[in-house]
Amino acid sequence: MTEAYDENLILAYVEGDLPPAEQRDFKLTLMKDPKLRRLVEQMAEDRQALRGMPDEDAPPDLMEAIDLHLERQMLLSPSAAQPIVSPDDHRRFKLVRVGSFAAMAAMLLLGVGLMYQTLRDMESPPPAGSPGSPGFPGSPSASRVAQRQLAAEMDGDAERKADEPAGPPLAMAPQQERRREAPPEDLTGKRDLDGRMGLDLPSAAPTAPAPTLTPADEPTLTETATETEQPAAQSMAKIAVIEDIASPPATIIENQTMSQARPATDAVAPLPQANEASGIVGGMGTVASATPPGVPSVPPGAMAPPAPSAYSLFGSTAALATQPPRNLAIIVTAHDPTKAYQSLLAWCERHHASIRFDSRRNQDADDVAELFAAGERKRVAVTFDAELFPRLLDLFQGSPRMESTLVREPRGLRNRSMDSIDFADLIYRATVVDPASLELPPESKMTLQVVIRSPWMNHAPERFEPDARD
Amino acid sequence: MNPTLEAQLLQQATGGDQAALSRLLQSHQKRLYNVALRMVSNRDDAAEVTQDAMVKIIEHIGDFQGKARVGTWMVRIVMNQCISHLRKRKLRGTTSLDDAPDDQMAALRNQLADSREPDLESSVQTRELIGHLHAAMGQLEEPFRAVLVLRDIDEMDYDQIGDVLEIPVGTVKSRLFRARLALRQAMTKLLPTTLPSNEP
């Protein structure tokens, strides 16, 4: 119907953008065309009604979540705490970079000049026996000759030695003579490393023997719920997703214990009190270790308070008490935490997920082996596509070493992003989690806090019996 | 918000001041939320979309070059997030506006009627109109809905709409006209008897 009319004219009239004269003309047109008039009137009514729709107030927790995000960003990412680079800074950096290049160029020129000077000095015939003369021990040409002769000797080519072209007789270089008699150690070493001599070398970096535990030797775990579900012989590790990354080991234990007796939404005791009450001592992973309770170590670069008095991520319990709904926490209890961590690293690499170990990215697993051996649990923040979450679950629960998986959404938060999953009511166990049942929104990122720890951390000192292992 | 104060907060925020960024977001949150609400027609979804958009704003505040007003830039991010959300929802085949819970619609209608209508008859009419308008908006394609939301809900001018949707002003006008036409047709389908049709 409207094809015959000028869209812009009608729109301008409806929007009230027409000048008075044109408006009068258009009104005359409308008088002659009731069909158009009706349409224009209705469009104007719709416009009026849309504009009259009242604004609603934003939910009160919207800004809370954003403020938490800001705080968390500041706490977890040292780079976020640094000022964002402004265009002025860019210019300044550019100048600094140009200056650096200029300095490097000057150094290069200086080096070339010195080299040129050295070559010129070498070209001028020095007195025999003086430094710089070809026969002088240690001079470049003498060294070359010695290497060639050594190679010839090793290849058994005696004639080649005789045909050696220029160069002074070896008798002029007593040190070289000695080197001929006994091949230099560094060259022999090189041959060893290359394997030409057929020597068997020990492995370059002996790995620390992983603690091997028989099921009977395993310390009794406090998570009785998981033990009853899985035979102890298969139990190597546990995973529990808890409310808050800031929860201490004691809280985790209590959390799991409570989950048997009470609904999953039950409150979790405050972290420090729970820890004190249970008398849990962390750092019991090594027999000889006198590691103090497993307070998470704070790397130097992290935005940490001076002393982490409570079990909290960088001491910021308040900021991390509630996480955005996409941020879940997983506790991985593994008898070989290093291996668990390596598996996680490999998974992240395979799926292009970013992993942050405390405040540092891509921490080498070898570097943390000692920390794990000392009984400390370690946290990583893994950010990945939400649709990969089932695969990550598979990583941990698909292994026969895993005892159980416990997933729980942070309490008290609405689940907005994963409508299809009511995490508040879900407790996944290793045997019941079906990744296919997890309908996660594609193309959205989620961050999972993963705590990897040793099972020994769950044990009070009096219950840990290292002697029983011998 | 006072433009001077906004500019000051923006400068501090781009300089890494998280508190200033928080205040800036606080001052725009209602507007952003309402844009999202009119786009996705569901409070929870709108809150989620707004939150996601705000996270993006936090992450990219350093990229803001000041070519448009910061509010326009934020609305653009929200709009992109809404469109992405609507596409995902369409893919999942869930939640059309027709299925929107009655209580949400009723709350909106009541709020509107209480604030705007003096008598019962017009109040009922307005409630009906708003209800159908809401449903009709939900039937529009995303580009049409977006241009209507920006023009009528956020009251942007053509240039700002062009900035947000990254289309020329001529396209904005053309799209707006077609959106109004599509809305009217949707309304006519919803109200074949109570509202007069386009036919004479």
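Reminder, nothing fancy here: chain letters follow the sequence lines and each chain counts from 1.
Annotation: B:Arg76, atom CZ; neighbour count of heavy atoms from other residues, nucleotides and ligands within 6.0 Å is above 12. The number of heavy-atom neighbours closer than 6.0 Å to CZ of B:Arg31, taken from other residues, nucleotides and ligands shown, is above 12. The neighbour count for A:Glu22 CD, taken as heavy atoms of other residues, nucleotides or ligands under 6.0 Å away, is above 12. Other residues, nucleotides and ligands place no more than 12 heavy atoms under 6.0 Å from the CD atom of B:Glu141. When the shell of 6.0 Å around CZ of A:Arg37 is examined, it contains more than 12 heavy atoms from other residues, nucleotides or ligands.
Atoms CD and CZ, from A:Glu15 and B:Arg151 in turn, are 4.0 Å apart once rounded to the nearest 0.5 Å. Expressed to the nearest 0.5 Å, how far OH of B:Tyr158 lies from CG of A:Asp17 amounts to 4.5 Å. With rounding to the nearest 0.5 angstrom, the CG atom of A:Asp55 is 9.0 Å from the CG atom of B:Leu37. A:Leu39 contributes atom CG, which lies 8.5 Å from atom CD of B:Gln185 (distance to the nearest 0.5 angstrom). Rounding to the nearest 0.5 Å gives a distance of 9.5 Å between CD of A:Glu56 and NZ of B:Lys30. Rounding to the nearest 0.5 Å places CZ of B:Arg175 at 13.5 Å from CG of A:Leu11.
Between the side chain of B:Arg43 and the main chain of A:Ala58, no donor-acceptor pair closer than 3.5 Å is present.
Partner of A:Gln42 under the side chain to side chain contact (heavy atoms under 4.5 Å, CB included) criterion, out of B:Met187, B:Arg180, B:Arg184: B:Arg184 alone.
There is no contact between A:Asp33 and chain B, counting heavy-atom distances below 4.5 Å. With a threshold of 4.5 angstrom between heavy atoms, B:Phe64 does not approach chain A through any atom at all. Residue A:Asn8 touches chain B through its side chain alone, counting heavy-atom pairs closer than 4.5 Å. Contact of B:Leu133 with chain A is made through the side chain alone, with heavy-atom distances under 4.5 Å.
Residues B:Gln51 and A:Ile66 come closest through the heavy atom pair O-CD1, 3.7 Å. The two atoms that bring B:Ala47 and A:Leu62 nearest to each other are O-CD1, 3.6 Å, heavy atoms only. Listed here is the closest heavy atom pair of B:Ile153 and A:Leu50: CD1-O, 3.5 Å.
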What's the verdict on side chain to side chain contact (heavy atoms under 4.5 Å, CB included) for A:Glu7 and B:Lys173, showing C-alpha distance, side-chain angles and the deciding distance?
CA-CA 9 Å; A:Glu7 285 183 4; B:Lys173 287 182 180 175; over 6 Å; no
